[in-house]
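Shown next, in structure tokens, is the structure this report addresses.
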There are 2 protein chains.
Amino acid sequence: MGIRCRILWGEVAVRKPTIGIATVAAEAGVGVGTVSRVLNGSNQVNEATRIRVLSTIERLDYRPLRSASSLSKGRTDAVGILVSVITRPSVMARLVGVIDVLSDAGLDAVVFNVENRAQFERHLSSIIDQRRVDGIISISLRIPEERVTRIRKLGIPLVLVDNSLPNFPCVYIDDVAGGNMATKHLLSLGHRRVGFIGDNEHTALGKSSSEDRYVGYLMALEAAGIEPDFDLVARGPHTSEAAAALTSAQFELGQHRPTAIFASSDTLAVGVIKAAQHHGLKIPDDCAVIGFDNLDISSILDISTVNQPLLESGIKGASKMVSLLNGEIAKPHREELPLDVVPRGSSLGIQRNNSTKLYGVVEGPIGLQILQRGEELVS
Amino acid sequence: MGIRCRILWGEVAVRKPTIGIATVAAEAGVGVGTVSRVLNGSNQVNEATRIRVLSTIERLDYRPLRSASSLSKGRTDAVGILVSVITRPSVMARLVGVIDVLSDAGLDAVVFNVENRAQFERHLSSIIDQRRVDGIISISLRIPEERVTRIRKLGIPLVLVDNSLPNFPCVYIDDVAGGNMATKHLLSLGHRRVGFIGDNEHTALGKSSSEDRYVGYLMALEAAGIEPDFDLVARGPHTSEAAAALTSAQFELGQHRPTAIFASSDTLAVGVIKAAQHHGLKIPDDCAVIGFDNLDISSILDISTVNQPLLESGIKGASKMVSLLNGEIAKPHREELPLDVVPRGSSLGIQRNNSTKLYGVVEGPIGLQILQRGEELVS
DNA sequence: TCCCATTTCGGAACCGGTTCCATGGCATGC
DNA sequence: GCATGCCATGGAACCGGTTCCGAAATGGGA
């Protein structure tokens, strides 16, 4: 009934009495079953008894052991979250949505940060083979085929956020359409030489959002009857520094340089803008820019972008997991979230017909000249 | 030995045979103890036997159940991470450090996102009372006194990151000194009217970093023999919008307006800069700005700041937790991390004597004119 | 050949809740 | 008064690894 003996260094035996459910039951003069029922809020217990048990629990400062409960119940009430490079703001936002929903549902959120292939494999096998969680939510990651097969065979609940896989619940966007929208936006402003700056990190372990957006870019060009110029297409690591370097190269093409650039993420768009400034090009007059994701920074820097519901994707994904674990079938198994272009100063420039007061052009080493819609910012 | 029966809807009984350690033992012709030893890498097992057991495990596709192991071992191998508003980039960076170290140590990182007092209490009691984790890491949060008492009494390992508490391991910075350094930097540039923009969110549940930095600000003024002007001190929510509004009010003081502003975080500094531009003030000539934290955005926008090792704080904090759980005493129980001023364009302006080529001043609605040290960005 | 130390191994007891079945008490219906 | 049914309850069996003790096998030395 909870007496553990341990011999320390050949000295006297040390008793470490643990207060378990049996102790509580004995102390309250009831059976263990009753205590368990009280703990789990069963309505099968008399009110007077319940109160007596509760007060005993209080008095003994009894705290039920989660792992014992998990063992009996056959579930951990925890969900594993596999997350690709967590530091990316877009990934972060999704993660927050996931965590909030899970914790509201009383589920533990066990986060696994995946930064390389080896780590990915290690985490996957740890999750799958050690049965430490009831389900898996994968954010912006592409799970290797053999793992998917195994997960499917074992019947482990899996939900994908920002990716999709046949026969699994998922929440995703149409990146091709998004790339198309962004490019069309630039084309609609009259640009004919539109560049593309993307990242190449999907090769590692993520989903190839950038490549999908590139496909959309090509489609938009084709629809406009424009022959793609592959000198205006470049890919590199997912950093603004890399994007700046790639863009810089395009700006050195002289009269063949792009007059507008679609960066496959806002982070890259920042680099594009840096490069433009480096070359003395005015934005958007000399070069229009649009990004993707609608991160905080794009709003701060007044960068046009394609908005996708990041937080919401996490919320919806986690909700599907909760339904799955509760045995309810998530009705719309697969869910595509809407996208929309957010036109800002980096493509539109100052809208002269905007009646609100605009910021003047400021000189100086820092000219973070932000075009705000109206005065709300400094209200 | 692992046969579970369940009656479904009054239909036939369904047998769900589970493959447990006993099955493996029987199948391999050994005892359960041996299988367990193999699983845990004990060296008390003959090589031939080990191989036989491993192949049986492989053949049966046996996966040990984490919660059973936890129950016997008396530990969960999981650590709870309490995190204040996770979306803040500074908090995020610390979290990443923590998660990486924990997962390297084979510990699960269970993340609890705390956004309000009620959530905080709920998560705390869930963690403490349900014994779901072996230890707690608290990031940028101030734990209520009564909870601390309880944690201490129960002997739950607790590590604080970006905060400190007597007799608990912690990793922190000297915010007072940081505020002092930032303000001194501005004073050293000749400014006498230095404003302070801080946040007031510590009242809720976080640590009062902003207030500590304010104290440092006051000390620096005093050391310079400057009487503080409380018209130049303002606090609001932790958003650049709020900071912009507060700053704007200061700029309307006419000749009494500040010529330099210390913002207690980079996020706020962005708002300060927005407000300056709104008022047609050049930075840093008309108003110098320094922030705090050295976030990505401050580097992108060339904002002077005070650097603190964010990722490192997480790494060190988690390492302390690992030591604690391993029974090793974390030697330097409390650890203060170093701070340093990172002077950038928002306070220094263009350094004319810098030999590297500088970006020209660009006109246009977006003049994200970033002063880079050298060409490495567009290399 | 016998003795003792070492290595390897089997398996019962145990970790601490959960669940299900048996039981007792009480009210209702005939 | 007795059968019936429901509610509340006790407690044994169970969940599936871990650990420890005792024992068997092995090997080396006298």
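Letters A, B, ... mirror the listed sequences (proteins, then strands); counts begin at 1.
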### Message
Under the criterion side chain to side chain contact (heavy atoms under 4.5 Å, CB included), I'd like the reasoning laid out for B:L39 against B:Y62: C-alpha separation, chi angles, the key distance, then a yes or no.
### Response
CA-CA 11 Å; B:L39 287 174; B:Y62 163 69; 3.8 Å; yes
### Summary
Closest of D:dG17, C:dG16, C:dT18 to the A:S69 side chain is C:dT18
### Among C:dG17, D:dG17, D:dT9, the nucleotide that comes nearest once only the side chain of A:A68 is considered
C:dG17
## Note on the structure
Rounded to whole Å, the CG-C1' distance (A:L39 to D:dT9) equals 15 Å
### Message
Between P on C:dC14 and CG on A:L71, what's the gap in Å once rounded to a whole number?
### Response
17 Å
### Message
Could you check whether atom CD of A:E146 has more than 12 heavy atoms from other residues, nucleotides or ligands sitting under 6.0 Å from it?
### Response
yes
### Task
Measure from CG on A:L65 to P on C:dG17 and round the result to the nearest Å.
6 Å
## Note on the structure
Of B:R50 and A:S67, the one whose closest nucleotide on DNA chain C sits nearer the 5' end is B:R50
### Task
Using whole Å, report how far NZ of B:K73 lies from C1' of D:dC20.
16 Å
### Message
Output the rounded distance in Å from CD (B:Q44) to P (D:dC20).
### Response
12 Å
### Query
At under 4.0 Å, does any side-chain N or O of B:R131 touch on OP1 or OP2 of C:dG17?
yes
### Side-chain N,O (B:N46) to OP1/OP2 (C:dT7) below 4.0 Å
no
#### Entry: Closest listed nucleotide, where the reference is the side chain of A:R37 and the choices are D:dT18, C:dC20, C:dT18
C:dC20
### Query
OP1, OP2 of D:dT18 versus side-chain N and O of B:S72: anything below 4.0 Å?
no
### Query
A:I21 has an atom CD1; how far is it from atom P of C:dT19, in whole Å?
11 Å
### Task
Any chance you could lay out the salt bridge (charged side-chain N to carboxylate O under 4.0 Å, His left out) test for B:D61 and A:R150, step after step, and finish with the verdict?
CA-CA 11 Å; B:D61 196 20; A:R150 188 156 163 70; 3.0 Å; yes
### Message
For the residue pair A:R75 / A:S70, report whether a side-chain donor-acceptor contact shorter than 3.5 Å exists.
### Response
no
### Query
Within this structure, what is the CD1-to-P distance between B:I19 and D:dG16, rounded to whole angstrom?
10 Å
### Query
Does the side chain of A:S70 get closer than 4.0 angstrom to OP1 or OP2 of C:dG17 through an N or O atom?
no
### Task
Take A:R75 and B:V30, find for each the nucleotide of DNA chain C with the closest heavy atom, and name the residue whose nucleotide sits nearer the 5' end.
B:V30
### Message
Any heavy-atom pair between the side chains of B:I21 and B:V32 that's under 4.5 Å?
### Response
yes
### Task
Look at the side chain of B:V32 and decide which nucleotide, out of C:dT18, D:dT18, D:dT9, has an atom nearest to it.
D:dT18
### Query
OP1 or OP2 of D:dG10 sitting under 4.0 Å from any side-chain N/O of A:T34?
yes
### Message
OP1 or OP2 of C:dT8 versus the side-chain N and O atoms of B:T49: is any pair under 4.0 Å?
### Response
no
### Query
Which part of the nucleic acid, if any, lies within reach of B:G33 when heavy atoms closer than 4.0 Å are counted: base, sugar-phosphate only, or nothing?
base
### Task
Grab the CD-C1' distance between B:E47 and C:dT7 for me, whole Å please.
14 Å
### Task
Flag the pair B:L95 / B:V161 as yes when at least one side-chain heavy-atom distance between them is below 4.5 Å, and no otherwise.
no
